[in-house]
Peer 1: 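The structure that follows is given in the form of structure tokens.
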Amino acid sequence: MEYSSVEHGNNHYELELPHGRLHVFANSDVYQTFGAKVYEMADNNLRIPRHVYMSYTPDAHVGVGTCIGTTAVWNMKDGFVSPSIVGVDIGCGMRVHTTTLHRRDIQDRAVRRALIEAIEKYVPTKERTNTHYADIDIMNVVRHGLKGLPEKYVPQEQWLTHVEESTFRFEHAYLEHLPAQIRKYAHGQLGTLGGGNHFIELQVLEIEEGRAELAARWGLFDGQVVVMIHSGSRAWGAKLGQTYTSELRDAMYSWGVDNPDRNLIYAPIASREGQTYLNLMYSALNFAVSNRHMIAFGVREAFRDVFGAGLEMPVLYDLMHNYALKEAHRNQPMLVHRKGATRALPPGHYLNTAAYKETGHPALIPGSMGTSSYIMVGREEGMKNFYSICHGAGRARSRKATKELVTVDQFEQSLMVGTDEEILVNHRSLQTILDECPQAYKDVDQIIDSVVGASLADVVAKCKPMAAIKGV
DNA sequence: ATGTTC
């Protein structure tokens with residue numbers, strides 16, 4: 001594929017692909033790692049008519065239909081919505097809770113082991129087999145998000161306000177078109193972690209130099225113990241994604257729409273099919289934010305078992321990296337798809353939730369197991385990328401290739417097993433989660449350097465992992 | 001990522 005490119009400096013490249021313009025944000029080291037496949041994929045996405053904007057963040061890598069690390073924007077009035085550019089794990093996102101604990105309070109591995117076991121008791125990775133949360137009406141949750149949860153599951157008022165959205169509003173009449181069987185696992189899966197790259201980590205903060213004031217305003221301090229959660233909408237979103245990928249594929253066929261990639265699915269926002277997907281997608285976002293809320297509720301129970309019932313765990317923030325949101329940009333209503341891309345709004349931006357209007361909100365960026373995660377804040381210059389930054393390190397190689405390349409021994413070494421610095425894991429053997437080892441991912445520090453160098457966001461704190469809980 | 005199924 002032939003294309004020309006312009007280097008703007010500031011880790012910003014502009015590529016003229018056959019079907020349109022792609023912006024790439026990466027430092028030169030990361031930029032050089034992008035192969036032909038990600039550009040081919042971008043070009044297929046650029047065939048979707050009337051796109052306003054498309055970009056890759058430095059964590060971009062090949063996904064189904066669309067690369068993970070894509071921001072893609074259409075005008076609401078004549079644009080398209082794509083289940084492929086939302087991704088299969090609708091509403092997948094990050095959440096951080098703070099504590100008053102200091103690193104020294106969990107340095108003892110017996111304490112960390114107790115926390116891991118307590119968390120596993122309250123937060124299953126697959127589904128609950130007991131009758132917990134019988135008073136939660138799952139249809140209320142998918143309609144109203146956090147506001148559909150009984151009050152007793154809201155430990156502090158700020159659990160409802162320090163989130164990207166507490167309720168994603170949509171036309172509830174579309175619930176009539178929910179896939180058959182979608183309710184089957186929903187209740188038993190609320191407040192459960194899931195598998196793959198999803199995790200709960202105990203981390204310790206290192207406040208970035210010169211950022212103590214903002215950190216303090218957010219309730220963060222050096223050496224603080226925090227809990228980072230990465231999970232999504234479980235089977236609810238997966239089922240919706242599958243069903244509507246297939247329905248929209250049929251519609252594309254009937255309209256005679258042709259794309260070289262038959263895994264790239266899209267429909268006009270105004271079409272019946274587009275509207276059905278878009279509305280039901282918001283039910284998955286409500287499930288996802290409520291799922292992370294209930295996971296956090298379980299983590300809080302676990303911490304109280306270990307440290308006493310006086311302990312509170314305020315939420316720092318909860319935000320997503322797989323969705324399509326209606327946002328006003330350039331005085332126009334736009335549909336902003338973020339597939340493995342995180343919104344990072346600057347101080348004062350109107351889209352900020354009230355609690356973070358003045359400072360901008362924390363943008364939560366996970367690393368990989370054994371490497372740091374980051375808490376960042378957006379910059380005004382981020383406007384050039386519709387306020388999107390990376391969603392994490394980004395995969396460097398497939399799960400299969402990772403298992404062939406990396407040994408359990410190497411994985412153990414990267415977790416410093418057997419030393420005082422060991423990062424504890426809930427799994428007895430690392431073999432089952434070998435495809436989640438740090439070697440499967442790009443170097444997160446290079447990704448963060450790319451984002452900072454592009455003036456999209458700044459680092460507020462680095463989060464060092466002390467213990468990790470993973471599903472399979 | 002997901003539950004189910006060859």
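A note on names: the letters A, B, ... follow the listed sequences, proteins ahead of strands, and every chain is numbered from 1.
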Peer 1: Mind telling me whether A:His144 and A:His172 have parallel, tilted or perpendicular rings, with 30° and 60° as the class edges?
Peer 2: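 Taking A:His144 first and then A:His172, their aromatic rings stand perpendicular (interplane angle over 60°).
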Peer 1: If I take atom NE2 in residue A:His230 and atom P in nucleotide B:dA1, what distance separates them, rounded to the nearest angstrom?
Peer 2: 7 Å
Peer 1: Tell me, which of residues 236-244 of chain A have any heavy atom that sits under 4.0 Å from an atom in DNA chain B?
Peer 2: A:Ala238, A:Gln242
Peer 1: Report yes if at least one side-chain N or O of A:Lys184 is closer than 4.0 Å to OP1 or OP2 of B:dT4; otherwise report no.
Peer 2: yes
Peer 1: Which whole-number value in Å describes the distance from A:Asn197 CG to B:dA1 P?
Peer 2: 4 Å
Peer 1: In Å, rounded to the nearest 0.5 Å, how long is the span from CZ of A:Phe168 to CZ of A:Phe287?
Peer 2: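 CZ of A:Phe287 is found 14.5 Å from CZ of A:Phe168.
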Peer 1: I need the NZ-P distance between A:Lys339 and B:dA1, as an integer number of Å.
Peer 2: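 That distance rounds to 12 Å.
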Peer 1: Counting neighbours of NZ on A:Lys239 that are heavy atoms of other residues, nucleotides or ligands and sit closer than 6.0 Å, is the number greater than 12?
Peer 2: no
Peer 1: Once you round it to whole Å, what is the distance between C1' of B:dA1 and NE2 of A:His391?
Peer 2: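 Rounding to the nearest Å, NE2 of A:His391 and C1' of B:dA1 are 12 Å apart.
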Peer 1: Atom NZ of A:Lys470 and atom P of B:dA1: how far apart are they, to the nearest Å?
Peer 2: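 Those two atoms, NZ and P, are 8 Å apart.
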Peer 1: Applying ring pair (Phe, Tyr, Trp, His ring centres under 6.0 Å), can you list everything that pairs with A:His187, at least two apart in sequence or on another chain?
Peer 2: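 None.
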Peer 1: Do A:Arg395 and A:Glu436 meet the salt-bridge criterion of a basic N to acidic O distance under 4.0 Å?
Peer 2: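 Answer for the salt bridge query: yes.
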Peer 1: For A:Asn291 and B:dT2, what is the distance between atoms CG and C1' respectively, to the nearest whole Å?
Peer 2: 13 Å
Peer 1: Heavy atoms under 4.0 Å, any strand shown: does A:Gly195 hit a base, just sugar-phosphate, or nothing?
Peer 2: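 Since only primed, P, OP1 and OP2 atoms lie under 4.0 Å of A:Gly195, the category is sugar-phosphate.
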Peer 1: Write down the atom of A:Leu15, the atom of A:Val24, and the distance for their closest heavy-atom approach.
Peer 2: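 Shortest heavy-atom contact: CD1-CG2, 4.3 Å.
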Peer 1: Expressed in angstrom and rounded to an integer, what is the separation of A:His321 atom NE2 from B:dA1 atom C1'?
Peer 2: 11 Å
